[in-house]
Amino acid sequence: MAELVSLSDAVAALVRDGDTVALEGFTHLIPHAAGHEIIRQRRRDLTLVRMTPDIVYDQLIGAGCARKLIFSWGGNPGVGSLHRFREAVQHGWPVPLEIEEHSHAGMANRYVAGASGLPFAVLRGYAGTDLARHTGTIAEITCPFTGEKLAAVPALNPDVAIIHAQRADRRGNVQLWGLVGVQKEAVLAARRSLVTVEEIVDELEPVPDQVVLPTWAVTYVAEVPRGAHPSYAQGYYERDNDYYRRWDAISRDREAFGRWVAELSETDEAEVAVDAGTEGRA
Amino acid sequence: MAELVSLSDAVAALVRDGDTVALEGFTHLIPHAAGHEIIRQRRRDLTLVRMTPDIVYDQLIGAGCARKLIFSWGGNPGVGSLHRFREAVQHGWPVPLEIEEHSHAGMANRYVAGASGLPFAVLRGYAGTDLARHTGTIAEITCPFTGEKLAAVPALNPDVAIIHAQRADRRGNVQLWGLVGVQKEAVLAARRSLVTVEEIVDELEPVPDQVVLPTWAVTYVAEVPRGAHPSYAQGYYERDNDYYRRWDAISRDREAFGRWVAELSETDEAEVAVDAGTEGRA
Amino acid sequence: MTAHQDYTSDEMMSIAAARALTGDRRCFVGIGLPSTAANVARRTHAPNLVLIYESGTLGSKPDRLPASIGDGILAETADAVISVPEVFNYWLQPGRIDVGFLGAAQLDRFGNINTTVIGDDYANPKVRLPGAGGAPEIAGSCGEVFVVVRQNRRTFVEQVDFVTSVGHGRAPGDRERLGLRGAGPTLVITDLGVLRPDPQTRELTLTQVHPGVTVEQAREATGWDLRVAPDLVTTEPPTERELAVLRELTAA
Amino acid sequence: MTAHQDYTSDEMMSIAAARALTGDRRCFVGIGLPSTAANVARRTHAPNLVLIYESGTLGSKPDRLPASIGDGILAETADAVISVPEVFNYWLQPGRIDVGFLGAAQLDRFGNINTTVIGDDYANPKVRLPGAGGAPEIAGSCGEVFVVVRQNRRTFVEQVDFVTSVGHGRAPGDRERLGLRGAGPTLVITDLGVLRPDPQTRELTLTQVHPGVTVEQAREATGWDLRVAPDLVTTEPPTERELAVLRELTAA
């Protein structure tokens with residue numbers, strides 16, 4: 001059964017230096033607040049996993065939390081590059097960043113295999129690309145019935161998966177809807193998990209296209225209103241597109257980024273959320 | 001785009017002698033009316049596919065439509081055996097029935113592979129069982145990363161998949177909910193498909209736990225109210241458990257079954273549905 | 001059965017099965033006796049039991065006994081409704097389910113199960129049974145398996161005609177060799193008593209008899225030379241509460 | 001550009017891309033130019049176009065341009081919302097999608113695409129780009145691929161530094177040899193004109209120039225010796241309606 005705790009307690013209990021951690025979210029429901037708490041608690045040597053690392057991963061990488069990134073597309077969606085990510089790859093600053101690079105189809109299937117208790121997944125992918133030459137975790141497999149050759153990728157089983165959802169009930173059952181990405185698979189693939197939610201409710205009213213994760217499939221639930229900001233939570237608040245644009249300038253400059261980290265460390269998540277909310281409305 | 005047609009036109013156009021046909025449904029939403037129409041149109045030499053062949057498959061087999069059955073559990077749920085199925089296997093009556101037997105996990109994954117455009121699926125299954133010795137479509141495969149040995153099963157790609165759903169809109173978009181079984185996978189795995197529906201509506205109102213099949217993924221839609229009877233359609237009518245019990249006596253006896261087929265052939269589906277409705281209420 | 005017992009041997013079997021389900025364990029439930037037992041348990045000593053049905057429901061809380069594995073009440077009262085492939089791939093296969101319930105047409109000395117064919121010729125069987133369903137992977141992937149089956153010489157055989165689902169194979173270590181993750185059948189609950197695998201040999205051994213049943217009756221009903229545990233106990237008879245709940249459920 | 005043109009070359013590019021989308025085709029749409037083009041097409045000549053976004057929507061009908069690939073409007077207006085694994089496994093991989101749209105940081109003579117690194121050392125790149133995303137499998141599995149990209153010598157190169165997504169490989173028959181099912185890039189739409197693969201050699205060839213653009217300008221903007229089709233045509237300039245729809249969409 002999932003335990004209802006505070007965000008800082010959850011991160012303190014779940015995320016250890018050296019862990020493989022997936023904060024998933026596909027534009028929608030990205031667990032920014034949890035990422036910030038990992039920076040505040042100064043975790044180091046993490047292997048970060050995500051299909052679409054965007055600015056919260058730029059922040060984690062710039063703050064020196066990560067030694068490796070497993071991903072398929074890293075950018076600031078609709079804006080441009082992730083400058084902290086680029087600087088870590090191109091100049092090893094603040095620490096060198098190893099990368100393991102896949103396609104979306106490959107990453108999605110790696111999570112599916114992890115969620116399914118299988119050691120690998122099979123897909124039509126990578127044929128003829130240079131990814132297949134540079135990434136060690138892409139293999140060829142032959143169909144035992146047709147002889148056809150396909151790609152195989154190993155399961156992803158992160159130590160910790162962190163996602164954001166709209167609601168949980170008091171027993172810890174989790175509900176999300178709208179674009180649900182690969183979050184169910186990430187939680188089921190992981191050894192431990194944290195779900196931050198917009199609110200805890202008495203009863204989960206069913207909604208169309210919902211994904212429900214039963215409480216016994218989740219380790220911790222933490223109530224973190226606006227915990228996805230500047231990403232969005234359908235039914236709660238919109239995506240703060242200005243924030244993504246503003247991030248570009250902060251991220252381009254080591255000093256501006258340093259000030260951002262310093263400010264983050266001096267505030268707790270509730271304050272960040274309120275500030276962000278105000279900024280978002282301004 | 002799916003075409004809206006009558007049930008008899010759809011079966012006439014889609015199902016050919018010798019085809020591999022999957023009528024899927026997991027207790028809920030079993031396409032009985034479509035099965036009856038296949039009997040009426042006297043199709044022969046079909047390879048029938050279904051995870052849980054129950055009385056509609058007993059009827060198709062007893063009427064001599066099938067030469068092969070690919071399945072994982074054949075019975076009259078909550079009642080007992082399928083006597084027409086048993087007689088075809090044990091005594092070759094009315095025609096011999098070849099069987100290809102899997103587990104539920106294997107069959108589900110064969111449909112998933114079929115829906116995914118892959119030639120095979122991988123699962124943890126069959127190890128140590130006699131199924132692996134008697135069924136040709138079970139192979140061993142080795143994980144290219146860990147060396148672990150797992151089971152592989154070939155994709156199912158029926159010529160025709162037939163399912164029953166609650167609703168379609170006038171463009172042919174299909175909506176089902178409640179227990180949705182493996183129906184989406186069956187339709188996506190098949191070359192052609194027919195969805196019978198309780199009703200055609202102007203607009204599909206979203207409901208929790210729905211599965212929506214876009215019109216361009218379906219070949220034909222036919223409006224057949226009570227088309228799942230004696231199975232049920234959540235939100236429309238209940239399962240007719242009495243009918244399943246009554247089937248046992250009809251099915252045990254070649255003559256009683258013969259009379260049932262003769263009566264079926266003299267009525268069209270609308271009459272059957274009305275009769276069944278009356279009986280169901282009696 | 002003694003004359004003054006006011007319950008049937010099938011009722012004793014259902015209640016003994018219900019008692020084996022405790023706490024907030026996740027149970028993979030088939031229709032019939034397992035579903036009855038799980039629902040009795042949920043209404044008596046184990047309100048937090050999580051019922052999972054292969055038709056695609058997690059956490060069903062039916063207020064009556066479902067008539068079939070796909071009864072609408074299972075979806076309507078579930079925490080989550082999912083597709084059948086998801087049940088097997090995301091929930092059963094990775095070992096998320098603690099207890100699987102299985103029935104058997106034949107059950108052998110080492111807990112192997114046959115629900116496929118009777119007779120030694122698969123192509124020309126004496127009796128064609130329904131087949132495997134979810135059983136092989138339930139037997140392989142659940143934390144442990146409880147078998148609920150009436151005890152007689154036709155069912156309890158030295159060796160099953162067809163291994164549909166692996167219990168303990170033919171010897172200790174067979175499950176590990178086959179890569180089967182769960183512990184296999186740890187409990188066989190019958191209308192006469194309870195059998196458990198011997199910790200050393202994995203052979204099913206009589207550890208418990210229901211009230212009024214003798215060891216001799218159990219041995220008579222078993223197709224192999226049934227061993228009896230030295231610390232054999234007698235099942236507590238059904239309580240009034242247990243019987244009332246069971247009868248209310250099965251009458252509805 | 002002639003002085004009296006009242007549209008930009010980027011607008012011409014978007015409209016040329018929109019025109020290539022016809023009927024009720026299923027289009028796998030990325031954010032930016034492809035999404036703009038698809039939505040212009042849907043509001044002008046192709047109201048039945050089916051838009052599929054990799055974030056998990058089938059048949060989105062946004063009433064404004066989505067700001068990101070996961071904009072809420074895409075889910076709210078979709079025929080079906082599905083998980084990201086399902087997008088790739090059930091819908092893209094089996095070849096159910098007619099047209100895939102791709103951008104490129106580098107595009108070579110044979111239509112191969114690089115969105116990974118600039119420079120010849122993957123481990124120490126001159127520029128680290130976002131990476132593959134869905135592109136390799138879009139390029140492999142869609143019926144055909146349209147590339148929309150501004151034409152200049154930095155982008156249009158003899159050979160890409162890194163093959164993120166295979167176009168036509170290095171020679172005719174390469175796609176078949178690799179088991180790639182779709183036809184690959186059949187159309188490259190730029191701010192200067194349109195390129196198509198030569199039916200024999202698969203080399204990208206200039207088949208169309210936008211109004212006011214000369215062949216010489218297109219050759220200057222290309223990093224290989226650009227061939228020109230003998231039947232080169234000039235793009236019809238944007239209609240008032242096309243421009244109005246495009247501007248309404250991008251202003252919103």
Side-chain angles (χ1 to χ4, degrees), chain A residues 25-30 51-52 71-78 80-82 85-86 89-90 99 101-109 111-112 115 123-131 133-134 148-150 177-185 208-209 211 231-232 234-235 238-239 241 244, chain D residues 31-32 53-57 67-72 74-76 78 80-89 92-94 112 114-117 122-141 160-166 169 174-175 177-181:
Chain A
F26 208 93
T27 311
H28 183 213
L29 292 176
I30 298 165
M51 290 182 65
T52 52
F71 76 112
S72 39
W73 189 90
N76 183 341
S81 294
L82 299 177
F85 163 59
R86 272 198 176 187
V89 172
Q90 293 175 222
I99 59 173
E101 195 167 1
H102 280 267
S103 67
H104 278 355
M107 283 292 283
N109 277 293
Y111 278 122
V112 167
L123 72 154
R124 294 187 186 281
Y126 301 107
T129 71
D130 284 335
L131 281 171
R133 295 198 298 122
H134 286 285
E148 198 180 348
K149 296 205 184 305
L150 298 125
W177 67 89
L179 298 171
V180 295
V182 72
Q183 283 98 301
K184 179 193 252 187
E185 287 75 13
D209 299 317
V211 164
S231 169
Y232 72 106
Q234 192 164 320
E238 299 276 315
R239 190 167 187 270
N241 295 316
Y244 282 86
Chain D
I31 223 62
Y53 287 82
E54 69 187 9
S55 51
T57 69
S68 72
I69 206 167
D71 196 308
L74 299 175
E76 287 159 19
V81 179
I82 56 181
S83 73
V84 164
E86 188 183 322
V87 173
F88 287 98
N89 290 345
L92 179 64
Q93 184 168 264
N112 302 297
N114 175 14
T115 56
T116 304
V117 287
Y122 173 74
N124 292 292
K126 269 170 63 187
V127 183
R128 173 68 231 189
L129 302 162
E137 286 76 27
I138 292 170
S141 300
V160 289
D161 293 345
F162 188 101
V163 179
T164 311
S165 305
V166 176
D174 272 6
R175 288 187 66 88
R177 187 178 52 74
L178 291 166
L180 303 175
R181 293 172 149 194

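Within the 4.5 Å cutoff, the side chain of D:Val166 has heavy atoms near those of the A:Thr129 side chain. Between D:Pro85 and A:Glu185 the shortest side-chain heavy-atom distance falls below 4.5 Å. Using a 4.5 Å cut-off on side-chain heavy atoms (C-beta onward), A:Thr27 and D:Ser55 make no contact.
When all heavy atoms of A:Val180 and D:Ser83 are compared, the closest pair comes out as CG2-CA, 4.2 Å. Scanning all heavy atoms of the two residues, the minimum distance from A:Gln90 to D:Arg128 falls at OE1-N, 2.9 Å. Looking at every heavy atom in both residues, D:Phe88 comes nearest to A:Ala105 through CD2-CB, 3.9 Å. Closest heavy-atom contact between D:Glu137 and A:Gly125: OE2-CA, 3.2 Å. The minimum heavy-atom distance linking D:Gly131 with A:Glu101 is given by the pair CA-OE2, 3.5 Å. Nearest heavy atoms, D:Asp161 versus A:Asp130: O-OD2, 4.3 Å.
Proximity to chain A (any heavy atom under 4.5 Å) is shown, for D:Asn112, by neither the backbone nor the side chain. Heavy atoms of A:Val112 lying under 4.5 Å from chain D belong exclusively to its side chain. Residue A:Leu123 touches chain D through both its backbone and its side chain, counting heavy-atom pairs closer than 4.5 Å. Looking at D:Arg177, there are no atoms closer than 4.5 Å to chain A (heavy atoms on both sides), in backbone or side chain. Heavy-atom distances place the side chain of D:Leu180, and not its backbone, under 4.5 Å from chain A. Only the side chain of A:Arg239 comes within less than 4.5 Å of a heavy atom of chain D; its backbone N, CA, C and O stay farther away.
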Please test A:Arg133 against D:Tyr122 for side-chain contact (heavy atoms from CB on, under 4.5 Å), starting from the C-alpha separation and ending with a verdict.
-> CA-CA 11 Å; A:Arg133 295 198 298 122; D:Tyr122 173 74; over 6 Å; no
Check the pair D:Leu129, A:Arg86 against side-chain contact (heavy atoms from CB on, under 4.5 Å), reporting the backbone distance first and the verdict last.
-> CA-CA 8 Å; D:Leu129 302 162; A:Arg86 272 198 176 187; 4.1 Å; yes
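The line from CE of A:Met51 to CD of D:Glu54 is 7.0 Å long, rounded to the nearest 0.5 Å. Rounding to the nearest 0.5 Å gives a distance of 7.0 Å between CG of A:Asn109 and CD of D:Gln93. Rounding to the nearest 0.5 Å gives a distance of 8.0 Å between CG of A:Leu131 and OG of D:Ser165.
Listed options D:Gly169, D:Ala132, D:Ser141 were ranked by heavy-atom pairs under 4.5 angstrom with chain A; first place goes to D:Ala132. Contact count versus chain A (heavy atoms, under 4.5 Å) is highest, among D:Asn114, D:Asp174, D:Val127, for D:Val127. In terms of non-hydrogen atom pairs under 4.5 Å with chain D, the most contact-rich of A:His134, A:His102, A:His28 is A:His134. Options A:Leu150, A:Val182, A:Leu82, A:Val211 differ in how many heavy-atom pairs under 4.5 Å they form with chain D, and the most are formed by A:Val182. Heavy-atom pairs under 4.5 Å with chain D were tallied for A:Tyr111, A:Phe71, A:Tyr244; the largest tally goes to A:Phe71. Counting heavy-atom pairs closer than 4.5 Å to chain A, the top-ranked of the candidates D:Ala75, D:Gly133, D:Gly134, D:Gly140 is D:Gly133.
For A:Glu238, the CD atom counts as loosely surrounded, since its 6.0 Å shell holds 12 or fewer non-hydrogen atoms of other residues, nucleotides or ligands.
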